[in-house]
Amino acid sequence: MPLISNEKRRRGIYILPNLFTTAALFAGFYAIVQAMNQRFEFAAVAIFVAMVLDGLDGRVARLTRTQSAFGAEYDSLSDMVSFGAAPALVVYEWALKDTGKFGWIAAFIYCAGAALRLARFNTNIDVVDKRYFQGLPSPAAAALVAGLVWVVTDVGLVGQDVRWLAGILTIFAGVSMVSNVLFWSGKDINLRKSVPFIVVIALVMAFALVSSYPPGVLFGLFLLYAASGYVIYAMRKLRKRRLASAPAAVTPPADTPDNSGEN
């Protein structure tokens, strides 16, 4: 009988990183259930919880060296539920269902944008600049939609009061995900490198700021992040236009012999 190679390993999955992915998937599913029960504030918070868990699974996999193709695919499917389907359904139930065709079209644009964004990310992961995301990341897009729901609900208003704003923001988030605008990824930050003490103080102040009013501060931060990509894009376009319109450098004429003659 032929001997089985010792290098052949039993197929399986790593539990720890996929546990975080499953928790993120559960948070997205929980957001959908809460939206169906008209508990929109809980739904919005659940989407933010899914964001935190989604940010942890990849880092845990890298730290424990448990990356796998299964984990990457599972993470994408989880993201589609938590940051694609869940925000679209939450905002539709909250504000858009009474706006006719505009409502479900806006929600579909967002959902389709998230799916296309994830598909493009998976196919371009080895060829893009790691410092930037091509298009608005789906967690940030979900934070825009969920943040609006959270803020408006927290101040005592209902979705019908801001239904057109909700629809426009939903379409903006969906289109931004499939745009070619670059957004800073933060992956060039080295957490193992020493930093000045002022950075630690800034982080403490940031946590204090978020804790002072989480709905408004988080929504404002992600709104600024979504706008930052377009600001940088516009600045680059203006810079290229200025360089193109600038006059070309004049080449000095070649030296000619001086025939004036000095005795």
Side-chain angles (χ1 to χ4, degrees), residues 20-21 23-32 34-35 39-60 62-63 75 78-79 81-84 86-87 90-91 94-95 110 114 131-133 135-159 162 165-166 169-170 172-173 176-177 183-232:
F20 282 94
T21 305
L25 176 61
F26 173 79
F29 178 77
Y30 180 82
I32 296 174
Q34 294 305 308
R39 302 176 70 181
F40 299 110
E41 187 172 3
F42 287 92
V45 173
I47 291 175
F48 278 98
V49 171
M51 287 179 55
V52 175
L53 294 170
D54 179 69
L56 290 175
D57 60 359
R59 286 168 174 78
V60 168
R62 287 189 291 272
L63 288 174
D75 181 68
S78 173
D79 288 352
V81 174
S82 299
F83 310 130
V90 169
V91 75
W94 177 64
Y110 177 91
R131 298 174 299 171
Y132 299 97
F133 291 120
L136 185 66
S138 56
L144 281 180
V145 175
L148 179 66
V149 175
W150 195 3
V151 169
V152 173
T153 304
D154 187 70
V155 298
L157 299 177
V158 296
V162 293
L165 174 62
L169 186 67
T170 302
F172 168 77
S176 296
M177 282 189 284
F183 294 85
W184 182 57
S185 68
K187 293 182 179 180
D188 54 344
I189 298 177
N190 188 359
L191 298 178
R192 298 181 180 180
K193 184 179 179 181
S194 60
V195 296
F197 184 70
I198 189 66
V199 176
V200 180
I201 297 178
L203 290 175
V204 173
M205 296 298 294
F207 280 114
L209 181 63
V210 172
S211 63
S212 64
Y213 184 51
V217 175
L218 289 175
F219 177 64
L221 289 176
F222 282 102
L223 192 61
L224 289 175
Y225 178 73
S228 67
Y230 291 95
V231 171
I232 295 174

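Keep in mind that the numbers below use all heavy atoms, side chains included, and drop hydrogens, waters and symmetry copies.
Here the closest heavy-atom approach between residue F183 and residue A226 is recorded as CE2-O, 3.3 Å. Nearest heavy-atom pair, P214 versus S211, reported as atom, atom and distance to 0.1 Å: CD-O, 3.8 Å. Looking at every heavy atom in both residues, V90 comes nearest to A35 through CG2-CB, 3.8 Å. Of all heavy-atom pairs spanning F83 and A114, the tightest one is O-CB, 4.0 Å.
Not a single side chain to side chain donor-acceptor pair (under 3.5 Å) links S138 to another residue, sequence neighbours left out. D57 pairs by the side chain to side chain donor-acceptor pair (under 3.5 Å) definition with T21, not counting sequence neighbours. Scored by the ring pair (Phe, Tyr, Trp, His ring centres under 6.0 Å) test, F172 finds Y230 as partners (sequence neighbours excluded). Legend: residues meeting side-chain contact (heavy atoms from CB on, under 4.5 Å) with V158, ordered by chain and number and at least two apart, are Q160, D161. Listed by chain and number, the residues in a side-chain contact (heavy atoms from CB on, under 4.5 Å) with V231 are M235 (sequence neighbours excluded). Residues satisfying the side-chain contact (heavy atoms from CB on, under 4.5 Å) criterion with A95, sequence neighbours excluded, are R163, A166. Applying the ring pair (Phe, Tyr, Trp, His ring centres under 6.0 Å) criterion to F26, with sequence neighbours excluded, gives no partner residue. Partners of I201 under the side-chain contact (heavy atoms from CB on, under 4.5 Å) rule, at least two apart in sequence or in another chain, are F197, I198, M205. Judged as a side chain to side chain donor-acceptor pair (under 3.5 Å), and not counting sequence neighbours, S78 has no contacts.
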Pairs under 3.5 angstrom only: tabulate donor-acceptor contacts from the side chains of residues 142-157 to other protein residues two or more places apart or in another chain.
unit_1	atom_1	unit_2	atom_2	d
W150	NE1	E41	OE2	3.4
T153	OG1	V149	O	2.6
D154	OD2	Y213	OH	2.9

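Taking CG from L56 and CE from M51, the interatomic distance works out to 11.5 Å, rounded to the nearest 0.5 Å. Atom-to-atom distance recorded for L223:CG and L218:CG is 12.5 Å, nearest 0.5 angstrom. Rounding to the nearest 0.5 Å gives a distance of 13.5 Å between CE of M177 and CZ of F133.
At least one donor-acceptor pair closer than 3.5 Å links the side chain of Y225 to the backbone N or O of W184.
Only one option out of D75, V52, L25, L53 pairs with F20 in a side chain to side chain contact (heavy atoms under 4.5 Å, CB included); it is L53.
With a 4.5 Å cut-off on side-chain heavy atoms, P139 and D54 count as touching.
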side-chain contact (heavy atoms from CB on, under 4.5 Å) for V91 and L169? Distances and angles first, verdict last. CA-CA 10 Å; V91 75; L169 186 67; over 6 Å; no
